[in-house]
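For reference, the structure is listed below as structure tokens.
Bear in mind the structure is a predicted one, so any value in this text is a computation, not a measurement.
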Amino acid sequence: MLIRKIILSIAVFFFMALILFTGMMFLKNETEVYSLGEMKLMVEKPTFFTLADAKPIQEDEDLISEHEITLLGLPIGTYTLVERTLENGVKIIFEEIDNTSWMPYALSLNTDGLKEAKVKSWNDEPVPRDEDPVYGNDPTQPFWHNLFF
């Protein structure tokens, strides 16, 4: 009878942990971190993650907003958004995510209300992935790479 209670307790604990993990990682919501006119930038994050309100700091031409990321009140990292205003009035947005915990997570920056967006790749040439004499082929390259190159 006691063994049955222990097994049942372990099973209940396991499924509760599974539900909590699923909620933390797969249920998402968005938090607005920046807006300019009709354009809004939102961070898509797991539901149980919280972005604290930022206190913007002005440094030269940069406006820096640092948000603390917490999970159930425990700090797990920071999300930093930098708005740089150039001399001609153009604004450039940079973002940085610093994970200070052991748990991997992903955040996405989504835009809303952006008209005539232009995306510029800062690296027009692909990164060379040569075969290493010790480790062999780079595993991050596509499988068809060795067939054609």
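Following chains of ILVMFWY side-chain contacts shorter than 4.5 Å, one cannot reach Phe15 starting from Leu8, and the two form parts of different hydrophobic clusters. Side-chain heavy atoms closer than 4.5 Å link hydrophobic residues (I, L, V, M, F, W, Y) into clusters, and following such links, possibly through other members, connects Phe49 to Leu72. When hydrophobic clusters are built by joining Ile, Leu, Val, Met, Phe, Trp and Tyr residues whose side-chain heavy atoms come closer than 4.5 Å, directly or via intermediates, Ile93 is not grouped with Val90.
The nearest pair of heavy atoms linking Lys28 to Pro46 is CD-N, 4.2 Å. Of all non-hydrogen atoms in Pro56 and Leu63, the two that sit nearest each other are CB-CD1, 3.7 Å.
One finds the CD1 atom of Ile97 at 4.0 Å from the CG atom of Leu107 (value rounded to the nearest 0.5 Å). The distance from atom CD1 of Ile7 to atom CG of Leu2, rounded to the nearest 0.5 Å, is 10.0 Å. With rounding to the nearest 0.5 angstrom, the OG1 atom of Thr111 is 8.0 Å from the CE atom of Met39. Remark: Ile19 CD1 to Phe14 CZ distance equals 10.5 Å, nearest 0.5 Å. The structure places CG of Leu71 at 10.5 Å from NZ of Lys45, a figure rounded to the nearest 0.5 Å. Separating the CZ atom in Arg84 from the CD1 atom in Ile64 is a distance of 8.5 Å, to the nearest 0.5 Å.
For the residue pair Thr31 and Asn29, no side-chain donor N or O sits within less than 3.5 Å of a side-chain acceptor on the partner.
Considering only heavy atoms from C-beta on, Tyr34 comes within 4.5 Å of Lys91 through its side chain. Residues Thr100 and Thr78 have side chains not in contact (no heavy-atom distance under 4.5 Å, counting atoms from C-beta outward). Proximity of Asp62 to Phe94: side-chain heavy atoms (C-beta onward) are nowhere separated by under 4.5 Å. Leu36 is not listed as a side-chain neighbour of Glu83, based on a closest heavy-atom distance of 4.5 Å or more. Looking at Asp98 and Thr80, their side chains never come closer than 4.5 Å, going by heavy atoms from C-beta outward. In this structure the side chain of Tyr79 reaches within 4.5 angstrom of the side chain of Leu81, judged on heavy atoms. Counting heavy atoms from C-beta outward, Val43 and Leu109 have side chains that approach closer than 4.5 Å.
The only member of Lys40, Met42, His67 that meets side chain to side chain contact (heavy atoms under 4.5 Å, CB included) when paired with Val33 is His67.
Annotation: Glu38, atom CD; neighbour count of heavy atoms from other residues, nucleotides and ligands within 6.0 Å does not exceed 12. Other residues, nucleotides and ligands place no more than 12 heavy atoms under 6.0 Å from the CD1 atom of Ile3.
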*Derivation and outcome, side-chain contact (heavy atoms from CB on, under 4.5 Å), residues Ile69 and Leu51*: CA-CA 5 Å; Ile69 304 170; Leu51 281 179; 3.5 Å; yes
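Judged as a side chain to side chain contact (heavy atoms under 4.5 Å, CB included), and not counting sequence neighbours, the contacts of Ser108 are Glu44, Asn110.
A donor-acceptor pair under 3.5 Å is absent between the side-chain atoms of Glu87 and the main chain of Gly89, judged by distance alone.
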